[in-house]
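Written out below as structure tokens is the structure these notes cover.
Chain A is the first sequence line, chain B the second, and so forth, proteins listed ahead of strands; every chain is numbered from 1.
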4 protein chains.
Amino acid sequence: MQLGVIGLGRMGRIVVDRLLAADHDVVAFDIDDDAVDAAADAGARPADSIAALAEKLDSEDGKHVWLMVPAGDPVDAALEELEPHLESDDVVVDGGNSYFEDSVRRAESCPAAYLDCGTSGGPAGAELGFSLMVGGPEAAYERLTPAFDAVATGPNGHERLGPAGSGHYVKMIHNGVEYALMQAYGEGFELLHEGRYDLDLESVASVWNNGSVIRSWLLELCEEAFREEGNDLGTVADRVEGGSTGTWTVQEGLEQEVPLPLIYTALGERFGSRADDGRFSRRLASRLRYGFGRHDVPRRE
Amino acid sequence: MQLGVIGLGRMGRIVVDRLLAADHDVVAFDIDDDAVDAAADAGARPADSIAALAEKLDSEDGKHVWLMVPAGDPVDAALEELEPHLESDDVVVDGGNSYFEDSVRRAESCPAAYLDCGTSGGPAGAELGFSLMVGGPEAAYERLTPAFDAVATGPNGHERLGPAGSGHYVKMIHNGVEYALMQAYGEGFELLHEGRYDLDLESVASVWNNGSVIRSWLLELCEEAFREEGNDLGTVADRVEGGSTGTWTVQEGLEQEVPLPLIYTALGERFGSRADDGRFSRRLASRLRYGFGRHDVPRRE
Amino acid sequence: MQLGVIGLGRMGRIVVDRLLAADHDVVAFDIDDDAVDAAADAGARPADSIAALAEKLDSEDGKHVWLMVPAGDPVDAALEELEPHLESDDVVVDGGNSYFEDSVRRAESCPAAYLDCGTSGGPAGAELGFSLMVGGPEAAYERLTPAFDAVATGPNGHERLGPAGSGHYVKMIHNGVEYALMQAYGEGFELLHEGRYDLDLESVASVWNNGSVIRSWLLELCEEAFREEGNDLGTVADRVEGGSTGTWTVQEGLEQEVPLPLIYTALGERFGSRADDGRFSRRLASRLRYGFGRHDVPRRE
Amino acid sequence: MQLGVIGLGRMGRIVVDRLLAADHDVVAFDIDDDAVDAAADAGARPADSIAALAEKLDSEDGKHVWLMVPAGDPVDAALEELEPHLESDDVVVDGGNSYFEDSVRRAESCPAAYLDCGTSGGPAGAELGFSLMVGGPEAAYERLTPAFDAVATGPNGHERLGPAGSGHYVKMIHNGVEYALMQAYGEGFELLHEGRYDLDLESVASVWNNGSVIRSWLLELCEEAFREEGNDLGTVADRVEGGSTGTWTVQEGLEQEVPLPLIYTALGERFGSRADDGRFSRRLASRLRYGFGRHDVPRRE
């Protein structure tokens, strides 16, 4: 089928390649001309503007446009240019990490059918295909099934989970769980690293990945990390970036009054790792130990 | 090769079956005669006592005995009966969930070479094979490699990780991580369940298991749980049993001064789920709200 | 000085009484006529509407109005009626638990000077006086100092902490800390209650309150709770209501990327105590133990 | 009454001074001669060995000895020298931070009556008196009441809470609660410090200490800390020492299956503050973000 893809970064380019590999007709646009040229070399039809892309989508089945741009303003900016060219039997897919309430809002105002599509799997999805969590009108989802089959890990790798917003909602919570899983493995490997035995952590991860209860793709990535960085993780710093989807997950937990202590703690560890001047709470606690017990206060130089 | 297996419960029986399937010569004993008969029907040579089992292990390569009995006293009881029959070129494997310091102690006093072998994978290992984390003398591990190949998921499913105790040490921490992973998925599904959309959780788990970053065997078990119990988990009670290996993991974290907040929280949720009279801490907090603010105190009937 | 007080609930009535006790001239209004009558009996001048109250505030120093109504819409409703009667040299105090961003907004639109005033101390403040955390213009705070002196625990019991919103901001965080303190004492007493000795918890609280590092007013309230409810807290249920200011505190922590694990955990315990059907996360964890280990699943009847 | 005091460090010296101030007859010993001389200057009778101290305790009421030495081996060492001089109607008080199970053991083997006495209040107790949590035989506690009256904040500042070990048990849990309270205030002040307003934290602490729900002695110490160190806590480092009693509290929680998430988290913050090479768990999480998403990995220089 015919698809326009807007946004040719790492993830958007994978979408293009997997669509092309499945013999779909792809029109590609990015604000970076080089990215458009590269997609053209790979077999996509290039467009030098969103308007041009819309024009080249000339199938009788209606226009199908897959957005793969950063969450927030870039999505609204792309939609603003795109929407004048859309009609009610067209379909827009937002495959980025948008906040689910933004997706609900956009679905309401978009002249075309609007599918929010949480996308997980990262660059490794280039070969394997992604996990696609889709929200929005059923008919639109059905129509785009051939595209989803191509981009996902196959027919089981995509699913319409509910109405507008539900795809990004599920993806948001997916990411919250992801934070906690990473921290859980991290705790285990930290204890193994600091603990009583001189262990080869790559071997531990490897044997765990072969038949244990805690085997997973993230654990395979742990194995890879120890193989590539060494048993002490080499120069990797104690600083964890990111956090927006985890923050949204915790906020939604507050809204729904669902306690998420593991996800919250994992998010807090990220915040804490970025406290470049040290944690004020701990500095106060240290000073209080002097206050009540005259314990020595460690001082900065 | 020739092996004696002591303990024919769910896990021990799988060890027997996988050894037999790989054409090893198995002598089997359990305090339950029926379990011995069943193993005999499957092709093992039955023994009606540990002494009898030891006698039937007549290979020139030395005796090899695999213990698969509950952690704690049963291991010591089995060893007490077994050790009079052992010599220094024999090998004992403890495949249960023993505390690693017990394994160090037993390795020191056992007349044979002693391998502590953490075993993960559960009953599903019957078909796939287990993940085996082995500690103890290298030569003994080498000698039993054919048996480990048979019981594990293959050559990558077992590994000698270090000296005596290290196998059970790694298994202990594996279990701590397992608690946290279960709780992490639990938080995600709880929020999905209580949240804004009416979601089919089996579908969510399924699409996540196909290509997402958080795919794992535990997530496949979540999918199975929703399929078999229903979207609301039916009659499954809010009561999580178990906790000994998680407790050991937390204790080791205290010893090593490694914070394990996710593992601790997951363990605490188990404890909390078993507080049949409610949590005293929360009852006090509720009463304090009356104390300072004259807020109504919910009362038991 | 002359003050109008709008809202004669538990806290508003204390404001009235303390102002009267300091010989201020108080005009009192509430939507509940009985509350107005009671305040009149105590010595306040009654008003049967906000307009009437405004009219009776006839001092040449300008009108001074203290709002003590529930946070949210009631504050806006009162202001809507009040503002037509206000001029730029009048002063409004919002002594309730308003969200600080609402206070910033109201301060901007109010024709009079606007002071947001976090109030802590609860009904016990009737005798002792409150702790008042004030935000807003310095001149207005100076002008109302005699009233603050009367309502607070004295001159040290009130402070202007910064510009508009800062009073309610500090009160919000005060409440977050309060949740954590309550839970911290709760954990200690729970362990004492479940632990190795048969202890009289009132005695423990009493001896702690006399000279220990952890002595506090909340601990005095613990002592009172055990004295009044008994060592087992009698019929007090495991259900903690409330949570809005704690939720705001956690949200602000997310905004500022400051981890608040104790405050979050204390809030989560409240949420968890209200999960009448049990915690879904734990129910899933219990079912997963069957999934990987065939452990028995406790079932609801 | 007549008392021997062994251990004249900061706390032991306060015990001596308060006993002297109440006109008790004090014999003082320390391994540091200067400390003995100083106590003698203050009015105590000096002893140059434990044997000499025992000899000087010549009252017909029996010998009374107060130990104020570091927990662990020093207590056993002092008892080893002291016990040959003791008889069944003598009384030993261990006022240090001993582990409660050690106190139970010592009470069993000590020829005299043995009181374990948790002591809280720190150096500030010099003026105010301590909170004393006493375990052991009732008769011995009654006998020493005049001494406890002198050392404690008065008759309400000491209490016999139960049999041997219960005093140190309650003190252990007191300290666990203390960790959590300090961290709770720390979280609040960290958010105030990093938050939206430019606040004077000493003023905040001061207004909270005058009438608020969260007023406490620890909060007075926060106020003092900001006054003495400045609003940014000056050179106070992000490193919190100590942790043994908190660790014991958490271990006891594991034993009793009582979740203590706030106390555990506060303890973990101490551990984390001492991880000089950064937290391995977070370093792994950062590297995993590269693994699944090709996010940049912050590197150490």
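Among A:Glu241, A:Arg287, A:Met182, the residue with the largest count of heavy-atom pairs under 4.5 Å with chain D is A:Arg287. Taking A:Met11, A:Glu220, A:Glu301, A:Glu228 one by one and counting their heavy-atom pairs under 4.5 Å with chain D, the maximum is reached by A:Glu228. Per-residue counts of heavy-atom pairs under 4.5 Å with chain A were compared for D:Leu181, D:Val240, D:Leu233, D:Leu221; the largest is that of D:Leu233. Contact count against chain D (heavy-atom pairs under 4.5 Å) is highest for A:Glu229 among A:Glu187, A:Gln183, A:Glu229. When each of A:Ser273, A:Gly278, A:Gly188 is scored by its heavy-atom pairs under 4.5 Å with chain D, the top score falls to A:Ser273. For the set A:Asp277, A:Thr235, A:Leu288, A:Asp296, the entry with the most heavy-atom pairs within less than 4.5 Å of chain D is A:Thr235. Note: A:Arg270 leads A:Glu224, A:Arg270, A:His295 in heavy-atom pairs under 4.5 Å with chain D.
Residues of residues 191-210 of chain A lying under 4.5 angstrom from chain D, judged on non-hydrogen atoms, are A:His193, A:Glu194, A:Leu201 in numerical order. Residues of residues 118-125 of chain A lying under 4.5 angstrom from chain D, judged on non-hydrogen atoms, are A:Gly121, A:Gly122, A:Pro123 in numerical order.
Shown here is A:Leu128, whose CG atom has more than 12 heavy atoms of other residues, nucleotides or ligands within 6.0 Å.
Ion pairing between D:Asp276 and D:Arg239 holds under the 4.0 Å rule for side-chain N and carboxylate O.
Only the side chain of D:Val297 comes within less than 4.5 Å of a heavy atom of chain A; its backbone N, CA, C and O stay farther away. At a 4.5 Å heavy-atom cutoff, the contact between D:Phe226 and chain A is made by side-chain atoms alone. Interface remark: D:Asp232 contributes backbone atoms only to the contact with chain A (heavy atom separation under 4.5 Å). With a 4.5 Å cut-off on non-hydrogen atoms, A:Glu178 touches chain D through its side chain but not through its backbone.
Using a 4.5 Å heavy-atom cutoff, the side chains of A:Arg299 and D:Val236 are in contact. Contact check for D:Phe130 versus D:Thr153: no side-chain heavy atoms found under the 4.5 Å cut-off. You'll find the side chain of A:Phe189 reaches within 4.5 Å of the side chain of A:Leu219, heavy atoms only. Proximity of D:Leu267 to D:Thr249: side-chain heavy atoms (C-beta onward) are nowhere separated by under 4.5 Å.
Remark: the A:Ser216 side chain and the A:Tyr185 side chain contain an N/O donor-acceptor pair separated by less than 3.5 Å.
Partners of A:His168 under the side chain to side chain donor-acceptor pair (under 3.5 Å) rule, at least two apart in sequence or in another chain, are A:Ser103. In terms of the salt bridge (Lys or Arg N to Asp or Glu O under 4.0 Å) criterion, residue partners of A:Arg279 (sequence neighbours excluded) are, by chain and number, D:Glu190, D:Glu269.
The main-chain N or O of A:Ala152 is found under 3.5 Å from a side-chain atom of A:Arg18 such that the two form a donor-acceptor pair. Checking side-chain atoms of D:Arg13 against main-chain N and O of D:Arg10 turns up no donor-acceptor pair under 3.5 Å. In this structure, D:Ser286 contributes its side chain and D:Arg282 its backbone to no donor-acceptor pair below 3.5 Å.
Residue A:Tyr169 is tested with A:Trp248, A:Tyr99, A:Phe100 for a ring pair (Phe, Tyr, Trp, His ring centres under 6.0 Å); the sole match is A:Phe100.
For the residue pair A:Pro74 and A:Pro70, the shortest heavy atom distance occurs at CB-O, 3.4 Å.
The side-chain tip of A:Arg294 points at the ring of A:Tyr290 from less than 6.0 angstrom away and within 45° of straight on.
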